[in-house]
Amino acid sequence: MIDLKLLRENPAHFKEGARLKGVAVDIEHLLALDARRRALQTSRQALAAEQGQLEKVVGPQLGKLSGELKKAADEGARREIEGQIASLRGQPAALKAQVQALDEQERAIEPELTALLLTVPQPPDADVPRGEGPSDNIEAKRWAPAGWDWGKSFSENKGFPAQNHIDLCARLGLADFPRGVKMSGTRSYVLAGDGMLLHQAILRYALDFMVHRNGFKPMSVPVLVREECMVGTGFFPAGREQAYQIEESKRGGGSGSTGGSGHDLFLTGTGEVGLMGLHEGEILDESVLPLKYVTVSTCFRREAGAAGKDTAGLYRVHVFDKVEQVIIARADEAESRVWHREMIGYVEALLQSLGLPYRLLQCCTADLGVKNADMIDIECWMPGRGEFGETHSASRLYDYQCRRLNMRYRPGGEGGKGPTAICHSLNNTVAASPRLMIPILEMYQQADGTVKVPEVLRAYMGGKVQIG
RNA sequence: GGAGAGGUGGCAGAGCGGUUGAAUGCGUCAGACUUGAAAUCUGAUUAGGGUUUCGGCCCUACGGGAGUUCGAAUCUCCCCCUCUCCGCCA
């Protein structure tokens with residue numbers, strides 16, 4: 001969520017940002033709603049103050065009068081006092097009605113304003129290249145292990161033609177697609193034998209890599225979360241159709257403590273949701289920043305709108321596992337930029353240790369998504385596809401996500417004074433599998449159809465050197 | 001699944017119809033004392049928002065929502081959450 005105050009001060013900046021991202025949002029209307037709400041607020045508050053004053057005066061008088069009423073003997077005095085009470089009661093009541101009327105008007109605006117505000121995208125940073133779509137993304141760097149020549153094809157490099165991972169999986173019994181589909185429908189799979197072991201080896205290696213070499217704190221977080229968590233992390237409302245929804249609200253039942261919940265739950269599409277949700281609504285001590293978290297979690301994606309795309313194999317699936325890194329930092333642009341580079345660096349080191357050719361892709365404005373000020377994708381070379389495939393995505397969000405989550409800290413350290421500040425957040429994939437199995441299987445295949453196990457993974461596969 | 005208890009400031013914990021944004025303790029910060037520290041004493045210490053002549057002024061919030069009342073942290077209803085006991089169970 002963007003800062004409404006900044007929007008008021010500089011609407012043009014946000015209009016231009018939305019335009020660059022190709023997001024349609026009526027900012028003029030938002031500003032009008034905001035202005036109207038503030039006008040209502042101002043007059044409401046003035047009336048409420050007056051009402052409060054009056055109540056303080058009238059209250060005790062009422063108490064006194066009702067005491068006198070009890071004691072009053074004759075009918076005449078009684079009626080006199082009752083009249084006074086009635087008129088006293090009428091005074092604040094009239095104001096209260098006015099306040100309520102204004103309240104109602106304000107409440108009528110609120111949902112629309114909030115909904116609109118949530119859809120205003122974070123403007124791209126000035127140094128993000130402008131573009132219309134993925135084709136305008138810019139390759140920023142390319143790396144390959146010794147012996148790999150980008151100028152040559154796979155078979156020229158290796159001396160034999162590449163099989164794609166689907167064939168390799170079938171031949172080596174690493175994955176069973178028909179049975180996956182039988183149980184769970186399209187985009188489902190079963191990993192078997194060494195395929196399952198390789199999958200687990202990747203995840204565990206990546207987790208250890210972040211924990212032991214880069215000082216991240218390993219966490220296990222929920223993958224089944226409430227709507228607020230999805231909205232807070234910025235995946236809703238824009239990506240609502242991508243998430244699986246568990247309709248607990250429709251089950252009813254549930255009395256008291258253990259019973260069913262009245263709220264729907266959602267399966268998360270990335271560990272980022274659970275990690276960022278951890279400190280929702282908290283005011284953190286500045287000394288704990290930056291928080292560096294890593295999780296390995298199962299990710300669920302409906303892949304709505306991707307019908308017919310990448311239907312075969314392990315590339316685009318509904319359920320996968322991912323090691324994800326997240327950093328929650330001080331509100332400082334320069335610091336955010338440094339962490340962004342760091343987080344990309346960790347992944348580069350990981351991929352280099354795996355010997356996988358990759359490139360960094362500077363995403364253009366149109367490809368950033370609503371949350372990001374900047375995003376760098378990392379793509380691994382996938383010989384079976386004959387092209388790069390996205391395996392990582394490193395996002396820099398400034399305070400966009402933390403504002404939604406109401407995640408703050410108090411600058412100035414030492415118990416702190418002064419106003420709170422909203423944290424900055426960043427995230428990046430560490431390893432998503434089975435997708436990362438694709439470049440591994442395809443790059444490590446040998447002429448005889450077997451697959452070498454990357455050296456760094458062998459310890460995680462019981463010392464196995466070769467599959468098949 | 002059954003039965004009960006409870007959700008108050010950074011934490012613990014009072015308040016149970018008005019002057020309580022909230023006692024008290026702990027923590028934290030500032031000052032005093034001290035060579036320094038500890039101990040002690042004094043003071044400060046919720047957040048969000050509106051408005052501002054930038055000195056302030058004001059509104060909102062005691063899990064969330066609705067209600068009763070002239071007035072609600074306090075009473076009623078619904079929801080969410082936590083805990084205890086029994087049952088079941090990876």
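Just so we're on the same page: letters track the sequence lines, and every chain starts at 1. Only this structure's heavy atoms are used, side chains among them; waters, hydrogens and symmetry mates stay out. Note that the structure is predicted; figures quoted are calculated from it, not measured.
- By the neighbour-count criterion of 12 heavy atoms within 6.0 Å, atom CZ of A:Arg204 is sparsely surrounded, having that number or fewer from other residues, nucleotides or ligands.
- Residue A:Leu113 contributes atom CG, which lies 14 Å from atom P of B:G49 at whole-angstrom precision.
- Tested against A:Tyr293, the residues A:His279, A:Glu272, A:Lys217, A:Gln325 include a single side-chain hydrogen bond (donor to acceptor under 3.5 Å, both in side chains) partner, A:His279.
- With rounding to the nearest 0.5 Å, the separation of CZ in A:Phe320 from CZ in A:Arg435 is 7.5 Å.
- Heavy-atom distances to RNA chain B give each of A:Arg38 and A:Arg107 a nearest nucleotide, and the one nearer the 5′ end belongs to A:Arg38.
- B:G87 is unpaired under the Watson-Crick or G-U wobble criterion, no partner having all donor-acceptor distances under 3.5 Å.
- Under the Watson-Crick and G-U wobble criteria, each requiring two contacts below 3.5 Å, nucleotide B:C77 is paired to B:G65.
- Surrounding CZ of A:Arg179 are at most 12 heavy atoms belonging to other residues, nucleotides or ligands under 6.0 Å away.
- Using a 4.0 Å cut-off, some side-chain N or O of A:Arg226 falls inside it from OP1 or OP2 of B:C81.
- Of the candidate nucleotides B:G50, B:C59, B:A47, B:G50 has the atom nearest to the side chain of A:Arg8.
- An OP1 or OP2 oxygen of B:G48 is reached within less than 4.0 angstrom by a side-chain nitrogen or oxygen of A:Thr420.
- Comparing the C1' positions of B:U20 and B:G4 gives an interatomic distance of 31 Å, to the nearest angstrom.
- Atom pair A:Glu110:CD and B:U60:C1' shows a separation of 12 Å (rounding to whole Å applied).
- Base orientation of B:G48: anti (glycosidic angle beyond 90° from 0).
- What separates CZ of A:Arg44 from P of B:U60 is a distance of 6 Å, to the nearest Å.
- Across all strands shown, B:A23 has no partner, as no Watson-Crick or G-U wobble contact with both distances under 3.5 Å is found.
- Distance, A:Glu50 CD to B:U60 C1': 18 Å, rounded to whole Å.
- The listed nucleotides are B:C81, B:U51, B:G48; the one nearest the side chain of A:Thr42 is B:U51.
- Each of A:Arg408 and A:Ala39 was matched to the nucleotide of RNA chain B holding its nearest heavy atom; the match closer to the 5' end belongs to A:Arg408.
- Across all non-hydrogen atoms, the minimal contact from A:Ser393 to A:Asn428 is O-OD1, 3.1 Å.
- Across all strands shown, B:C57 forms a Watson-Crick or G-U wobble pair, both distances under 3.5 Å, with B:G50.
- At whole-Å resolution of the value, CD in A:Gln100 and P in B:U60 are 13 Å apart.
- Distance A:Glu228 CD to B:G63 C1': 13 Å, rounded to the nearest Å.
- Remark: A:Lys182 fails to qualify as a cation-pi partner of A:Phe177 under the 6.0 Å distance and 45° angle criteria applied to the six-membered ring.
- Of the nucleotides present, none pairs with B:A37 by Watson-Crick or G-U wobble criteria with both distances under 3.5 Å.
- To the nearest whole angstrom, the two C1' atoms, one in B:G9 and one in B:A3, are 33 Å apart.
- The stretch residues 459-468 of chain A participates, sequence neighbours left out, in these salt bridge (Lys or Arg N to Asp or Glu O under 4.0 Å) pairs: A:Asp194-A:Lys464.
- A:Gly277 and A:Thr233 get closest at one heavy-atom pair: N-CG2, 4.4 Å.
- Remark: the separation of the P atoms in B:U46 and B:U24 is 14 Å, to the nearest Å.
- Comparing B:C26 with B:C77, their P atoms sit 39 Å apart, to the nearest whole Å.
- For the C1' atom pair drawn from B:A72 and B:A61, the interatomic distance equals 13 Å after rounding to whole Å.
- As a whole-Å value, the separation of A:Asp3 CG from B:G49 C1' is 13 Å.
- Here, B:C11 and B:G17 have their C1' atoms 29 Å apart, quoted to the whole Å.
- A ring-centre distance under 6.0 Å is not found for A:His424 and A:Tyr409.
- Judged by distance alone, with hydrogens and angles left aside, A:Gln45 brings a side-chain donor or acceptor within reach of the base of B:G49, the pair sitting under 3.5 Å.
- Across the P atoms, B:C75 and B:U8 are found 15 Å apart, a figure rounded to whole Å.
- Using N1 to N3 plus N6-O4 or O6-N4 for Watson-Crick, or N1-O2 and O6-N3 for G-U wobble, each under 3.5 Å, B:C16 pairs with nothing.
- Remark: the separation of the C1' atoms in B:G55 and B:G43 is 23 Å, to the nearest Å.
- For the salt bridge (charged side-chain N to carboxylate O under 4.0 Å, His left out) test, no residue two or more places apart in sequence or in another chain qualifies with A:Glu455.
- B:G10 atom C1' lies 15 Å from atom NE2 of A:His279, rounded to whole Å.
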Expected rows: protein N/O vs nucleotides 68-78 of chain B N/O, under 3.5 Å:
{"unit_1": "B:C70", "atom_1": "OP1", "unit_2": "A:Arg89", "atom_2": "NH1", "d": "3.4"}
{"unit_1": "B:G71", "atom_1": "OP1", "unit_2": "A:Lys96", "atom_2": "NZ", "d": "2.6"}

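- Remark: B:C29 base-pairs with B:G43; criterion is Watson-Crick or G-U wobble with both hydrogen-bond distances under 3.5 Å.
- A 3.5 Å limit on both hydrogen-bonding distances identifies B:U82 as the Watson-Crick or G-U partner of B:A5.
- Of the candidate nucleotides B:G50, B:A47, B:C59, B:G50 has the atom nearest to the side chain of A:Gln41.
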